[in-house]
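Every number for a ligand or one of its atoms is a count from 1 in the order of the listing. Just so you know, these numbers come straight off a predicted model, no measurement behind them. This chain uses plain numbering: 1 for the first residue, then up along the sequence.
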Amino acid sequence: VRTLDDKVVAITGAGGGIGRALAVHAGDLGAVLALSDWDETGLAETARLVRTRTGKESRTDRLDVRDRRAMHDYAASVRHEFDRVNAVVNNAGVTLLGRFEEVDHDDFRWVMDVDFWGVVHGTEAFLPHLVESGDGHVVNISSLFGLMGMPGQTAYNSAKFAVRGFTEALRQEMLADRRPVQVTCVHPGGVRTGIVRNARSTATTDRAEVARHFDARLARTTPERAAEIIVAGMVAHRPRVLVGNDAKVLDAVVRVIGPRYQRAVALVSRRLS
Ligand SMILES: NC(=O)c1ccc[n+]([C@@H]2O[C@H](COP(=O)([O-])OP(=O)(O)OC[C@H]3O[C@@H](n4cnc5c(N)ncnc54)[C@H](O)[C@@H]3O)[C@@H](O)[C@H]2O)c1
């Protein structure tokens, strides 16, 4: 899509954070919104914000992106209601804090289920409708941690690297087969949202302390700014969108010094812990 005006845009995880800011920004630009989240309260608040700014109603659905059947039914229902779907933003995501040796296996699976399988479910369910629209776009939210490893983030790194691989291969398939669907992979650095407060953590991780550090030092970009950057990248048909200077600088470091970045990050992380 080159503009969001009158485009039908589905956004998962729209009940807070980046998803909410994306909904508000896309609404401002004239998009017809299908918003989902498993948090109904947050979702209602997002719809209220959109209504206040644009006077327009959004479709809202309680949806768990881990539920493949529900995602397929949802996509079909959005297509039925609006006659077309132009974009899906697979944004819903969670994280898990703590060293791999202490990580609970079920928590690791939870991260993969939401962050990786949720993206695959959203993509597979919407793709036929996006192709049919003649002007479709898949936007998958990976992370800076889909570009570099980080101690304490093994599960999240696994999911976000997987999202990147999946999304880049899909883009190539769409290009090779001349499908009318753009594909964009988004890699945000720190964005000031509830992601750390909503995280699970290992027994020895002080989640409140990590959240304080995240809010004060790491999360430099506002969700509103992140949404502007993501939409600008989308309408410019960018394959990869980096959000924030932290993402830009660290992406460059990893590409320039290669695998040696790992020792540097490990040394910094040892000093901080
Ligand atoms: N905040 C950051 O610094 C940052 C950095 C890089 C990538 N990201 C990614 O951005 C995306 C949005 O995260 P955020 O920072 O806005 O976090 P957030 O916690 O503020 O928002 C995530 C939203 O997803 C919803 N969600 C969680 N699990 C769900 C499920 N199973 N089904 C449906 N909805 C579910 C939550 O209810 C919440 O509304 C995520 O994919 C995250 O990994 C965030």
**Prompt:** Quick one: which of Asn91, Ile141, Val186 has a heavy atom closest to atom 41 (O) of ligand 1?
**Reply:** Asn91
**Item:** Proximal ligand 1 atoms for Asp39, defined as those under 4.0 Å from one of its heavy atoms
**Value:** 37 (O)
**Identity and distance of the protein heavy atom lying nearest atom 31 (N) of ligand 1** = Asp64 OD1, 2.9 Å
**Message:** So, 4.0 Å and heavy atoms of Gly189: is ligand 1 close enough to count as a contact?
**Reply:** yes
**Prompt:** Only one of Asn198, Asp115, Asp107, Ile195 forms a side-chain contact (heavy atoms from CB on, under 4.5 Å) with Val94, so which one is it?
**Reply:** Asp115
**Message:** Side chain, backbone, both or neither: which applies to Val114 and ligand 1 if a contact is any heavy-atom pair less than 4.0 Å apart?
**Reply:** side chain
**Prompt:** Short question: side chain of Asn91, backbone of Gly13 - any donor-acceptor pair under 3.5 Å?
**Reply:** yes
**Asked** Taking distance alone, with no angle check, do Val65 and ligand 1 share an N/O pair under 3.5 Å?
**Response** yes
**Item:** For Phe214, atoms of ligand 1 separated by under 4.0 Å from a heavy atom
**Value:** 3 (O)
**Item:** Lys/Arg-Asp/Glu bridge criterion (N-O < 4.0 Å) met for Arg200, Asp106
**Value:** no
**Item:** ligand 1 to Gly19 polar contact by distance, N or O atoms, under 3.5 Å
**Value:** no
**Message:** For atom 15 (O) of ligand 1, what's the nearest protein heavy-atom neighbour? Residue, atom name and distance, please.
**Reply:** Thr193 OG1, 2.5 Å
**Request:** With Thr184 as reference, evaluate Arg240, His137, Arg171 under the side-chain hydrogen bond (donor to acceptor under 3.5 Å, both in side chains) test and give the passing residue.
**Result:** His137
**Within-4.5 Å side-chain heavy-atom neighbours: Gln182 and Val1** = no
**Request:** Provide, to 0.1 Å, the distance between atom 34 (N) of ligand 1 and the closest protein heavy atom, together with that atom's residue and name.
**Result:** Trp38 N, 3.5 Å
**Item:** Donor-acceptor contact present, side-chain His187 to main-chain Ser143, <3.5 Å
**Value:** yes
**Message:** Please list the nearest protein heavy atom to atom 33 (C) of ligand 1 with its residue and the distance rounded to 0.1 Å.
**Reply:** Leu63 O, 3.1 Å
**Prompt:** For ligand 1, which part of Trp110 has a heavy atom less than 4.0 Å away: the side chain, the backbone, both, or neither?
**Reply:** neither
**Prompt:** Out of curiosity, is Gly190 lining ligand 1, as in a heavy atom under 4.0 Å away?
**Reply:** yes
**Hydrophobic cluster membership, Val88 vs Val163, 4.5 Å side-chain cutoff** = yes
**Message:** Given Leu22, Val196, Ile195, identify the one with the heavy atom nearest to atom 13 (O) of ligand 1.
**Reply:** Ile195
**Shortest protein contact, atom 22 (C) of ligand 1 (heavy atom only)** = Gly93 O, 3.8 Å
**Asked** Are any of the side-chain nitrogens in Glu209 or Arg212 under 4.0 Å away from the carboxylate oxygens of its partner?
**Response** yes
**Complete:** If we number the atoms of ligand 1 from 1 as shown, the ones under 4.0 Å from a heavy atom of Val94 are 27 (C), 28 (N)
**Prompt:** Would you call Arg20 and Asp37 a salt bridge, taking side-chain N to carboxylate O under 4.0 Å as the test?
**Reply:** no
**Request:** Provide the number and element of each atom of ligand 1 under 4.0 Å from a heavy atom of Gly15.
**Result:** 39 (O)
**Message:** Measuring from non-hydrogen atoms of Ser142 to any atom of ligand 1, is the shortest distance under 4.0 Å?
**Reply:** yes
**Any Lys160 heavy atom less than 4.0 Å from ligand 1** = yes
**Request:** Identify the protein heavy atom lying closest to atom 39 (O) of ligand 1, giving its residue, its atom name and the separation to 0.1 Å.
**Result:** Asp37 OD2, 2.6 Å
**Asked** Do NZ/NE/NH1/NH2 and the carboxylate oxygens of Arg68 and Glu124 come within less than 4.0 Å?
**Response** yes
**Prompt:** Does Thr12 come within less than 4.0 Å of ligand 1, judged by its heavy atoms?
**Reply:** no
**Message:** For atom 24 (O) of ligand 1, what's the nearest protein heavy-atom neighbour? Residue, atom name and distance, please.
**Reply:** Gly13 CA, 3.6 Å
**Asked** Are any side-chain N or O atoms of Arg178 and backbone N or O atoms of Leu175, one a donor and one an acceptor, separated by less than 3.5 Å?
**Response** no
**Asked** Just which atoms of ligand 1 are under 4.0 Å from any heavy atom in Gly17?
**Response** 16 (O), 20 (O)
**Request:** Indicate, with yes or no, if Phe116 and Ile141 share a hydrophobic cluster defined by side-chain heavy-atom contacts under 4.5 Å among Ile, Leu, Val, Met, Phe, Trp and Tyr.
**Result:** no
**Message:** Quick test: of every protein heavy atom, which one is nearest to atom 6 (C) of ligand 1, and how far off is it to 0.1 Å?
**Reply:** Pro188 O, 3.2 Å
**Message:** Is there a path of hydrophobic side-chain contacts, each under 4.5 Å between heavy atoms of I/L/V/M/F/W/Y residues, joining Phe161 to Leu147?
**Reply:** no
**Request:** Look only at the side chain of Thr54 and the backbone of Val50, and say whether a donor-acceptor pair between them is shorter than 3.5 Å.
**Result:** yes
**Prompt:** Under 4.0 Å from ligand 1, counting heavy atoms only, is it the side chain of Ile18, its backbone, both or neither?
**Reply:** both
**Pairing of Arg84 and Asp135 as salt bridge, 4.0 angstrom limit** = no
**Message:** Can you tell me which portion of Tyr156 lies within the under-4.0 Å heavy-atom range of ligand 1? Options are side chain, backbone, both, or neither.
**Reply:** side chain
**Prompt:** Counting only N and O atoms by type, is there a donor-acceptor contact under 3.5 Å from the side chain of Thr12 to the main-chain atoms of Ala92?
**Reply:** yes
**Prompt:** Which one holds for Leu218 and ligand 1: side chain close, backbone close, both close, or neither close, with close meaning a heavy atom under 4.0 Å?
**Reply:** neither
